[in-house]
Amino acid sequence: MGIRLGCIADDFTGATDLANNLVRAGMRVVQLIDVPPAGAEQAVDADAVVIALKSRTTPAADAVEASLRALAWLRSMGAEQIYFKYCSTFDSTPAGNIGPVTEALMDAVGTDFTIATPAFPDNGRTVFKGHLFVGDVLLSDSGMRHHPLTPMTDSNLVSVLGAQTTRPVGLIDHTVVADGVKAIRDRIDALREEGVGMAIVDAVSNDDLVRLGAAASGLPLVTAGSGLAIGLPANWGFEPSPAAAQLPAAGGHRAIVSGSVSVATNRQVLEFLRSGRPAFSVDPLRIAAGEDVVGQALTFAESHLADGPVLIYSTEAPDAVRTVQGRLGAAEAGELVERTLARVAQGLVEHGVRRLVVAGGETSGAVVQALGITGLRIGPQIDPGVPWCAAALPGGDSIHITLKSGNFGGPDFFTSAFALLDRGTS
Ligand SMILES: Nc1ncnc2c1ncn2[C@@H]1O[C@H](COP(=O)(O)OP(=O)(O)OP(=O)(O)O)[C@@H](O)[C@H]1O
Ligand SMILES: O=C(O)[C@@H](O)C(=O)CO
């Protein structure tokens, strides 16, 4: 039998976030890193597949091209519904990429209508009257207003999405969502008749998302953050079950590689340092000066791995990051650190690390690619949006890995993640 749900995620940690919510709602999920190359037939034994792209901030045409390739592959696997996953903070610019990718997918699946909601109440993202809140504040008052690539300065998602698409954008507001599945479907029919192509949907609770999920069962394409995933699997009769999140037993050394500079990760690094555990700080300026930082980090790790976990981190507060960026350039500094941390991760695996936490979306992309990982089996949730995963390594061995979005996870994430594995993954 083919897969039920085919998902296209615009970044790697976002992909595991989505896969995690699907698993928790009872689906067996495989996450693939990029679209499998043509001819490389991959046997997928899963109810849903999430293809992880790095298309959030690429030029819109590239994001569209990659998303359409992913769509074609998912349809060839029998996907009955397509889910385009973006960030719960709707990260995008007037040039895209949420609008252009959505339009291209609509054309390709032959639909005149889809929904859009980044709501993820478990992580404090709610949509009310079309406005996105992050915790207690509007998106435009949150840290996202300073994001270097996708600054979010408007919380009104109808206008944000409207600026990115040629199709009229409407709203399905909370009164309709609260009224239930029939009311949502009636509103969709009415918007369709008015010629609206995409509708932002309010959701302030998981119950809202469950109702929306049921109402969306007939739509060939849905677009959302990961939250909607809690409401879709029931449309095929799936029910929450621990069996969906089973992973093989974990073993091997434990390490954390953190290139995330987000607020939550800074707190997690601080908490780890405070606990007196072994940690090595990667200084971008020393890398730029030609020091063998990879070698130094691995020598440090080697002497501590037996009593791990060991943390290798470049995480710094915004001021320190700005100073480095001022000296090296933001893109250059980012790339330098990503390359370094990816090589550190390779070295850690060569030294027997088989339980690895990676923090940061870009960092995760660099690490996963350097390790030659092409697919992830999704396991149990550590914190909302972050599951453990199991992956095959090119040499035939396997690894347990978790890819943590910068702003996800509690302060003790770097230790609670391993504690969950110690309690058993199956
Ligand atoms: N000390 C540092 N100085 C400058 N740049 C850094 C430093 N540490 C990390 N970086 C770069 O900052 C970027 C952080 O992006 P990344 O996506 O990994 O984390 P994030 O933005 O915190 O998390 P997310 O995207 O999941 O929300 C990477 O390109 C990384 O290489
Ligand atoms: O939706 C989110 O916030 C995350 O899954 C994500 O996409 C972070 O990059």
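Hydrogens, waters and symmetry mates play no part in the numbers below; they use all other heavy atoms, side chains included. Whatever order the structure lists ligands and atoms in, that order sets their numbers, starting from 1. All residue numbers in this chain count up from 1 along the given sequence.
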Determine, step by step, whether Val282 and Ile312 satisfy the side-chain contact (heavy atoms from CB on, under 4.5 Å) criterion, reporting the C-alpha distance in whole Å, the side-chain angles of both residues, the deciding distance to 0.1 Å, and the verdict. CA-CA 7 Å; Val282 167; Ile312 312 291; 3.7 Å; yes

Indicate whether the side chain of Ser405 and that of Asn407 have a donor and an acceptor atom separated by less than 3.5 Å. no

Decide whether Ser258 and Thr315 meet the rule of one side-chain donor and one side-chain acceptor closer than 3.5 Å. yes

At less than 4.0 angstrom from any non-hydrogen atom of Glu316, what atoms of ligand 1 do you find? 1 (N)

For ligand 1, is there an N or O atom under 3.5 Å from any N or O atom of Asp11? no

Nearest heavy atoms of Gly365 and Phe12, plus distance in Å: CA-CD2, 3.3 Å

Between the main-chain N or O of Ser226 and the side-chain N or O of Asn21, is there a donor-acceptor pair closer than 3.5 Å? yes

Could you tell me whether the side chain of Tyr83 and the main chain of Ala229 form a donor-acceptor pair under 3.5 Å? yes

Could you tell me whether Gly334 and ligand 1 have an N or O pair separated by under 3.5 Å? yes

Whether Phe84 and Tyr86 hold their rings parallel, tilted or perpendicular, with breakpoints at 30° and 60°: perpendicular

Best match, Asp17, Val321, Leu285, Asp91: closest heavy atom to atom 4 (C) of ligand 1: Val321

Please report which non-hydrogen protein atom sits nearest to atom 8 (N) of ligand 1, along with the residue it belongs to and the distance in Å to one decimal place. Ser314 OG, 2.8 Å

Using the rule given for salt bridge (charged side-chain N to carboxylate O under 4.0 Å, His left out), can you reason through Arg267 versus Glu271, listing the C-alpha separation, both sets of side-chain angles and the distance that settles it, and then say yes or no? CA-CA 6 Å; Arg267 219 176 287 135; Glu271 180 80 11; over 6 Å; no

Within the 4.0 Å heavy-atom shell around Asp17, which atoms of ligand 2 are there? 1 (O), 2 (C), 4 (C), 5 (O)

Can you find an N/O atom of Val337 closer than 3.5 Å to an N/O atom of ligand 1? no

Closest non-hydrogen protein atom to atom 14 (C) of ligand 1, residue and atom name please, with distance? Gly259 O, 3.3 Å

Identify, for atom 25 (O) of ligand 1, the protein heavy atom at the shortest distance, and state residue, atom and that distance. Gly361 N, 3.6 Å

Give the residue and atom name of whichever protein heavy atom lies nearest to atom 24 (P) of ligand 1, and the separation in Å to one decimal. Gly406 N, 3.4 Å

Side chain, backbone, both or neither: the part of Ser405 lying under 4.0 Å from ligand 2 by heavy atom: side chain

Ser226, any N or O under 3.5 Å of ligand 2 N or O: no

Which atoms of ligand 2 sit under 4.0 Å from any heavy atom of Asp11? 7 (O), 9 (O)

Looking at atom 21 (O) of ligand 1, what's its closest protein heavy atom, distance included? Ser262 OG, 4.1 Å

Is there a donor-acceptor contact under 3.5 Å linking the side chains of Asn235 and Ser217? no

min-distance protein heavy atom vs atom 3 (O) of ligand 2 -> Ser88 OG, 2.6 Å

For Val324, counting its heavy atoms only, list the atoms of ligand 1 lying under 4.0 Å from any of them. 3 (N), 4 (C)

State the atoms of ligand 1, each with its element, that fall below the 4.0 Å cut-off from a heavy-atom position in Glu338. 28 (C), 29 (O), 31 (O)

With heavy-atom distances below 4.0 Å as the criterion, list the atoms of ligand 2 near Thr13. 9 (O)

For the pair Met152 and Val160, evaluate side-chain contact (heavy atoms from CB on, under 4.5 Å) and give the outcome as yes or no after the intermediate values. CA-CA 9 Å; Met152 302 303 292; Val160 172; 4.3 Å; yes

Search all heavy atoms of Arg254 against all heavy atoms of Gly308 and return the closest pair with its distance. NH2-O, 2.7 Å

I'd like to know if the side chain of Gln346 and the backbone of Ala370 have a donor-acceptor N/O pair within less than 3.5 Å. yes

Would you check if there is a donor-acceptor pair between the side chains of Asp173 and Thr175 at a distance under 3.5 Å? yes

Where does the angle between the aromatic ring planes of Phe128 and His174 fall among parallel (under 30°), tilted (30 to 60°) and perpendicular (over 60°)? tilted

Answer yes if the side chains of Thr166 and Glu103 hold a donor-acceptor pair under 3.5 Å, and no otherwise. yes

Nearest protein heavy atom with distance in Å, relative to atom 7 (O) of ligand 2: Arg56 NH2, 2.7 Å

Suppose I only count heavy atoms of Lys85 and a 4.0 Å limit; which atoms of ligand 2 are within that range? 1 (O), 2 (C), 4 (C), 5 (O), 6 (C), 7 (O)

Looking only at distance, does Thr363 have an N or O less than 3.5 Å from an N or O of ligand 1? yes

Record the part of Phe408 in heavy-atom contact with ligand 2 below 4.0 Å; permitted values are side chain, backbone, both and neither. side chain

Any idea which part of Val261 is under 4.0 Å from ligand 1, heavy-atom wise: side chain, backbone, both or neither? both

In the protein, what heavy atom is nearest to atom 17 (O) of ligand 1, and what distance, to one decimal place, separates them? Glu362 N, 2.7 Å

So is Thr89 in contact with ligand 2, going by heavy-atom distances below 4.0 Å? no

Judging by distance only, is a nitrogen or oxygen of Ser405 under 3.5 angstrom from one on ligand 1? no

